[in-house]
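Here the structure is laid out as structure tokens; the discussion comes afterwards.
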Amino acid sequence: MKAHTYENVFLGIGGITLVACMGALVYATLGMGKHLPGVGGHIDPQRAYQSAPFDRLGVTPIGENRYEAIIVGQMFAFIPPEIRVPVGARVDFIATSADVIHGFHIERTRVNVMLIPGQIARASHTFTEPGEHILICHEYCGSGHHTMAGRIIVEGPAPQGSPQQGSEPR
Ligand code: CUA
């Protein structure tokens, strides 16, 4: 069978694009170590508030300039609704849902995970500037979805020579 010239050209462009995208994916995964936020454990969603680590909600220092922020999402709020973290510190967010699937996105950061009932989600971030960030539920979770938001208040002076704003998976 003889293919039309244009068909060959389009097939060629399609093939090159496919190979380039595959290459980019392999490079990002193996070369740059990028990967999706992993499942950080499992709990019984019916007993979310009694299960470690969600039996101690809020911000706890876990090391030098390092904090853990433990948060539960439920219809239609984040618990606790507001947390305070120091500027320049690494904050490890550990979150889950007590009922249905919720989103967990901290505006102006790359922290963006899904809260799935029974699964523990983890993400880390270092806030390099003081200020306020809204924690947004960005998965439709019911009639009050649009009202579901929390607040993250970053306290303290902007550190000198602070590192680049960024998130790292862990
Ligand atoms: Cu929770 Cu939308």
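Read the numbers this way: they start at 1 and go in the same order the structure lists the ligands and their atoms. For reference, positions follow the sequence shown, starting with 1.
For residues 145-155, the pairs satisfying salt bridge (Lys or Arg N to Asp or Glu O under 4.0 Å) are E82-R151, R84-E155, E132-R151, with sequence neighbours left out. For residues 47-57, the pairs satisfying salt bridge (Lys or Arg N to Asp or Glu O under 4.0 Å) are R56-E68, with sequence neighbours left out.
A salt bridge is defined here as a Lys NZ or Arg NE, NH1 or NH2 lying under 4.0 Å from an Asp or Glu carboxylate O, and D92 with R66 meets this definition.
Take atom 1 (Cu) of ligand 1 and draw a sphere of radius 2.8 Å; the protein N/O/S atoms inside it number 4.
Under the ring pair (Phe, Tyr, Trp, His ring centres under 6.0 Å) criterion, Y49 pairs with no residue, sequence neighbours left out.
Taking the six-membered ring where tryptophan is involved, the planes of Y6 and F10 are tilted, since the angle between them lies from 30° to 60°.
Residues N112 and H138 bring a donor and an acceptor atom of their side chains to less than 3.5 Å of each other.
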